[in-house]
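Notes follow the structure.
Worth knowing before you read on, the calculation uses all heavy atoms, side chains too, and leaves out hydrogens, waters and symmetry mates. Order of the sequence lines sets the chain letters (A, B, ...), proteins ahead of strands, with each chain counted from 1.
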Amino acid sequence: MNNIFDQIREQLFKVVKGAFFACEKKGSLPGIQIDDILIEVPRERDFGDFSTNIAMQVSKQAKMPPRKTAELLVSEFDFSGTYIERAEVAGPGFLNFYLKKDWLYESLHIIQEKQDKYGEVDLGKGIKVNVEFVSANPTGPLHMGNARGGALGDCLASVLSKAGYDVTKEFYINDAGNQIEKFGISLEARYLQIVLGEDKVEFPEDGYHGEDIIEHAKAYYEKNGDILLEKSPEERRKILVDYALPINIKKIRETLEAYGITYDVWFSEKTLHESGAVKKTIDFLTEKGYTVEKDDAIWLNGEKLGLEKDEVLVRNNGIATYMAADIAYHYNKFITRGFDWAIDLWGADHHGHVARMKAAMEPFGVKKDRLEVVLFQLVRLYRNGELARMSKRTGKAISLEDLLEEVGRDAARFFFNLKTSGSHLDFDLDLAVKQSNDNPVFYVQYAHARICSLLRKLKEEGVEPKPVEAVNLTLLKENEEIELIRKLSEYPEEIGLAAKTLEPSRLTRYVMDVAAHFHSFYNACRVKGEDEDLMMARIILVDCTRIVIKNILELIKIDAPEKM
RNA sequence: GUGCCAGUAGCUCAGCAGGAUAGAGCAACGGACUUCUAAUCCGUCGGUCGGGUGUUCGAAUCAUCUCUGGCACGCCA
């Protein structure tokens with residue numbers, strides 16, 4: 001048994017169900033089918049270690065007030081072979097359970113045994129899941145939306161792995177379609193401006209105005225001169241795109257790597273067009289009657305799919321839209337590659353696309369819930385208490401690269417994973433670089449460094465830690481010790497919840513909580529210099545804390561320093 | 001206009017398969033280092049959970065109306 005909570009839940013369920021059965025036998029309660037009970041950790045410690053509201057839930061069926069039901073149940077409880085010490089009826093009818101401390105000591109045994117595997121749960125049962133995130137437009141540098149999506153997606157993938165899913169991390173390269181056309185036109189205009197003079201060539205209004213386009217054109221010109229002048233515009237653009245796009249993609253890859261993100265798959269949109277996959281998906285939809293033709297374009301039949309309106313799949317110029325490519329892409333994920341589940345992380349500005357994509361997969365026999373879209377709200381940067389739009393260094397919109405340079409990878413990843421994806425995020429640049437007590441990154445890292453330093457010092461003084469079997473853990477009974485153990489025991493639960501809710505951010509908050517409990521313990525209890533047996537027990541506790549903190553920091557890919 | 005997301009302490013945010021007295025960090029104020037890292041800890045202050053109505057034993061949580069902010073409604077992605 002790896003998860004102490006599962007063990008306890010099972011015990012409590014058995015006890016409660018047994019009591020219902022006993023009451024039914026005696027005739028004090030009618031027969032009630034109990035399939036599951038909700039076990040909670042009460043907010044107040046006075047309310048016991050665990051509680052359940054089952055007596056309130058069944059009050060109608062029991063035909064008596066919840067408190068009365070609860071009292072009947074309590075009188076029939078059989079705690080033999082469980083961690084439970086006693087139970088009480090409280091408030092409107094809660095059943096509060098008080099456990100022997102053994103379960104907490106048991107969880108320390110589990111941590112010591114599992115080491116860096118502690119926290120793993122088998123929620124996913126090996127299900128194949130594809131997590132696609134960032135998938136930035138390769139026509140320019142990564143922005144703050146990509147930064148948040150990157151941190152969230154990467155951590156979500158880690159959480160799901162730890163929760164027993166078979167995870168593939170994927171980046172979808174939008175190397176086809178309209179924006180690539182625009183990219184080519186923009187590059188061409190800048191190139192011609194260099195060759196012919198800036199005033200001779202007008203820059204298209206809807207082109208990419210960024211500095212990086214000029215730099216690409218300049219670099220190409222310096223290498224190759226004016227050889228493109230004699231080419232046709234189509235050829236010129238293609239050559240320039242073929243030149244600049246790989247550079248951009250390489251740059252994106254490098255920036256993401258510096259950010260701690262590596263992918264299993266880089267999937268090119270272009271290959272979907274070239275292989276005929278896009279055409280095949282559209283043909284399939286047409287065969288099944290899911291498309292309509294009007295105004296020389298092919299549309300997805302919105303009415304038939306329960307959508308508000310039709311969506312263009314093929315424009316009247318014969319070019320497929322991103323929507324068509326997206327359908328082919330998800331067909332590839334679900335059918336061609338056989339993923340059971342696909343999770344896409346999109347900026348909230350794409351929310352209109354969610355219902356369409358889910359609906360568009362149904363004709364292929366892919367149920368809506370196999371595609372999950374995590375939307376995240378946009379990011380606002382603050383500097384000196386004011387909205388910061390521009391980079392200090394370049395004077396342009398702040399890119400992920402700028403951010404990494406300004407605050408570093410640890411702070412960036414930590415801050416982007418602090419809030420739930422659905423809430424707007426205000427990123428305080430000053431706080432992120434502050435090396436002080438109000439910076440949560442340092443707070444957690446400091447706890448880890450403190451532990452390592454303590455363990456190091458003990459070793460230097462010749463103290464040899466004992467294996468957990470040889471240690472009397474029952475000596476750990478100070479309030480700070482008990483609360484710290486309790487917190488550590490929750491880790492597998494936290495992984496499960498983070499996976500279920502697709503909110504890796506709760507782990508960031510959890511690790512802060514662990515650090516806080518450790519610091520409290522540290523200030524209340526000494527390790528070094530205590531009586532041998534107590535010292536050994538505390539060393540185990542401290543080491544378990546180290547294991548959990550390190551585990552989470554590795555999971556969210558933040559440095560866990562041994563010295564600070 | 002329609003739809004989606006958000007509105008909780010001065011600030012940034014948790015809590016939202018309905019549950020017991022609504023939490024944390026920061027800020028403010030007051031304490032704790034002869035002893036394992038004070039980048040820490042302990043305490044105090046701080047709330048009409050945007051507002052109304054409803055559902056029920058019970059609502060920050062569910063329903064509905066309304067106000068405010070963000071976003072989306074394109075042969076862009």
(Q) Taking atom types as they are modelled, would you say the side chain of A/Asn316 forms a donor-acceptor pair with the base of B/C75 within the 3.5 Å cutoff? (A) yes
Q. In terms of side-chain heavy atoms of A/His351, which of B/U35, B/A72, B/C75 is nearest?
A. B/A72
(Q) Applying a 4.0 Å non-hydrogen cut-off, can you work out what A/Cys452 is touching in the nucleic acid: base, sugar-phosphate, or nothing? (A) nothing
Q | Nearest-neighbour nucleotide for the A/Trp299 side chain, B/C13, B/C75, B/C41 considered | A | B/C75
**Q.** Nearest-angstrom distance, P atom, B/G18 to B/C36
**A.** 50 Å
Q) In the structure shown, which nucleotide is the Watson-Crick or G-U wobble counterpart of B/C4, with both distances under 3.5 Å? A) B/G70
Q | Closest nucleotide among B/C41, B/C36, B/C13 to the A/Tyr443 side chain | A | B/C41
Q) Side chain of A/Phe442: nearest nucleotide among B/C42, B/A39, B/C36? A) B/A39
Q) Quantified in whole Å, what is the C1' atom distance between nucleotide B/C29 and nucleotide B/G51? A) 34 Å
Q. Under the side-chain hydrogen bond (donor to acceptor under 3.5 Å, both in side chains) rule, what pairs show up with a residue in residues 531-542 of chain A, not counting sequence neighbours?
A. A/Glu481-A/Arg538
Q) Is it true that A/Tyr322 and A/His353 have ring centroids separated by less than 6.0 Å? A) yes
**Q.** Same-atom distance (C1') from B/G46 to B/A27, integer angstrom
**A.** 11 Å
**Q.** Proximity of A/Phe267 and A/Tyr329 rings by center, below 6.0 Å
**A.** yes
(Q) For a quick check, with a 4.0 angstrom heavy-atom cut-off, what is the B/S/- contact string for nucleotides 14-22 of chain B, read 5' to 3'? (A) S--B-BBS-
Q: Without swapping roles, check the side chain of A/Gln445 against the backbone of A/Asp559 for a donor-acceptor pair under 3.5 Å.
A: yes
Q. Do other residues, nucleotides or ligands put more than 12 heavy atoms under 6.0 Å from the NZ atom of A/Lys304?
A. yes
Q. About how many Å separate CG of A/Leu484 and CD of A/Glu478, when rounded to the nearest 0.5 Å?
A. 13.0 Å
Q: Examine the base of B/A77 for any acceptor or donor lying under 3.5 Å from a partner atom in the side chain of A/His350, and report the outcome as yes or no.
A: yes
(Q) Taking the minimum atom-to-atom distance to the side chain of A/Lys457, which one of B/C36, B/U40, B/A72 wins? (A) B/C36
Q: Looking only at side-chain atoms of A/Arg450, point me to the closest of B/U35, B/A77, B/U40.
A: B/U40
Q: Scan A/Ala449 against the nucleic acid and name what it touches under 4.0 Å (heavy atoms): base, sugar-phosphate only, or nothing.
A: base
Q: Return each pair, listed once, that meets side-chain hydrogen bond (donor to acceptor under 3.5 Å, both in side chains) where at least one residue sits in residues 51-60 of chain A; pairs must be two or more places apart or across chains.
A: none
Q. Between atom CG in A/Leu431 and atom P in B/C13, what is the gap in whole Å?
A. 12 Å
(Q) With a 3.5 Å limit on both atom pairs, tell me what B/A32 is paired to, counting Watson-Crick and G-U wobble, or say none. (A) B/U40
